[in-house]
Enquirer: 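A single structure is presented below for examination.
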Amino acid sequence: QVQLVESGGGLVQPGGSLRLSCAASGSILSIYDMRWYRQAPGKQRELVAAITRGGSTRHADSVKGRFTISRDNSKNTVYLQMNSLKTEDTAVYYCNVGLQSLATLKMKDYWGQGNQVTVSS
């Protein structure tokens, strides 16, 4: 079985910072792309940032220069450092990981449980 556990969300004032973490555990053979999505109330889920196994990254235009995705392959963990937060960043943030499990040997996307980030004064 595979689990993704997120941490690090919360309430922060505009201009503040938060760091999200998402750790994958269980019967994992290989981890490939790791991503962060977010979903604000009444809006569709959107891709925030992605990172390949080799460390290549891409970020949504709305967060470029403010958010940074990174990963630690030794810990099967992906991070999202969020700086200069704005009220419009308020959303539930989800990690998404493409990996091969030892059980099935097939590639599959797994989702974290979601973490609320609220930016408000």
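Hydrogens, waters and symmetry mates are skipped; everything else that's a heavy atom, side chains included, is used.
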Enquirer: Hydrophobic clusters here meaning ILVMFWY residues chained together by side-chain heavy-atom distances under 4.5 Å, can you tell me if Y94 and I31 are in one?
Expert: no
Enquirer: If hydrophobic clusters are built by linking Ile, Leu, Val, Met, Phe, Trp and Tyr wherever their side-chain heavy atoms come under 4.5 Å apart, do M34 and L18 end up in the same one?
Expert: yes
Enquirer: For residues 11-70, which residue pairs pass the disulfide bond (SG atoms under 2.5 Å apart) check, not counting sequence neighbours?
Expert: C22-C95
Enquirer: A quick test of your reading: do over 12 heavy atoms of other residues, nucleotides or ligands sit less than 6.0 Å from CD of Q3?
Expert: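 Not buried by this count: 12 neighbours or fewer within 6.0 Å.
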Enquirer: Is there a chain of hydrophobic side chains (I, L, V, M, F, W, Y, each step under 4.5 Å between heavy atoms) that links Y93 to I69?
Expert: yes
Enquirer: Okay, side chain of R53, backbone of N73: is any donor-acceptor separation there less than 3.5 Å?
Expert: no
Enquirer: Under 6.0 Å from the CZ atom of R58, do we count more than 12 heavy atoms belonging to anything else shown?
Expert: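 Not buried by this count: 12 neighbours or fewer within 6.0 Å.
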Enquirer: Check residues 77-89 and write down every donor-acceptor pair under 3.5 Å in which the side-chain atom is one partner and the other belongs to a residue at least two apart or another chain.
Expert:
unit_1	atom_1	unit_2	atom_2	d
T77	OG1	K75	O	2.8
Q81	NE2	N83	OD1	2.9
N83	OD1	S17	OG	2.9
D89	OD1	R38	NH1	3.0
D89	OD1	R66	NH2	3.0
D89	OD2	R66	NH1	2.7
D89	OD2	R66	NH2	3.4
D89	OD2	K86	N	2.8

Enquirer: Check whether V92 and L20 end up in the same hydrophobic cluster, where Ile, Leu, Val, Met, Phe, Trp and Tyr are linked by side-chain heavy atoms less than 4.5 Å apart.
Expert: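 Each belongs to a different hydrophobic cluster.
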Enquirer: Which atom pair, heavy atoms only, marks the closest approach of V2 to S101?
Expert: CG2-CB, 4.1 Å
Enquirer: Show me the side-chain donor-acceptor pairs of residues 105-121 shorter than 3.5 Å, one per line, residues at least two apart or across chains.
Expert:
unit_1	atom_1	unit_2	atom_2	d
Q113	OE1	E6	N	3.1
Q113	NE2	E6	O	3.1
Q116	NE2	A91	O	3.4
Q116	NE2	T118	OG1	3.2

Enquirer: So, does H59 use its side chain to make a donor-acceptor pair with the main chain of G65 at under 3.5 Å?
Expert: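 A pair under 3.5 Å: no.
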Enquirer: For the hydrophobic clusters of this structure (ILVMFWY residues joined by side-chain heavy atoms under 4.5 Å, transitively), does one cluster hold both L4 and I51?
Expert: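 Yes; I51 is reachable from L4 via cluster members.
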Enquirer: Can you tell me how far the OG1 atom of T57 sits from the CZ atom of R71, to the nearest 0.5 Å?
Expert: 11.5 Å
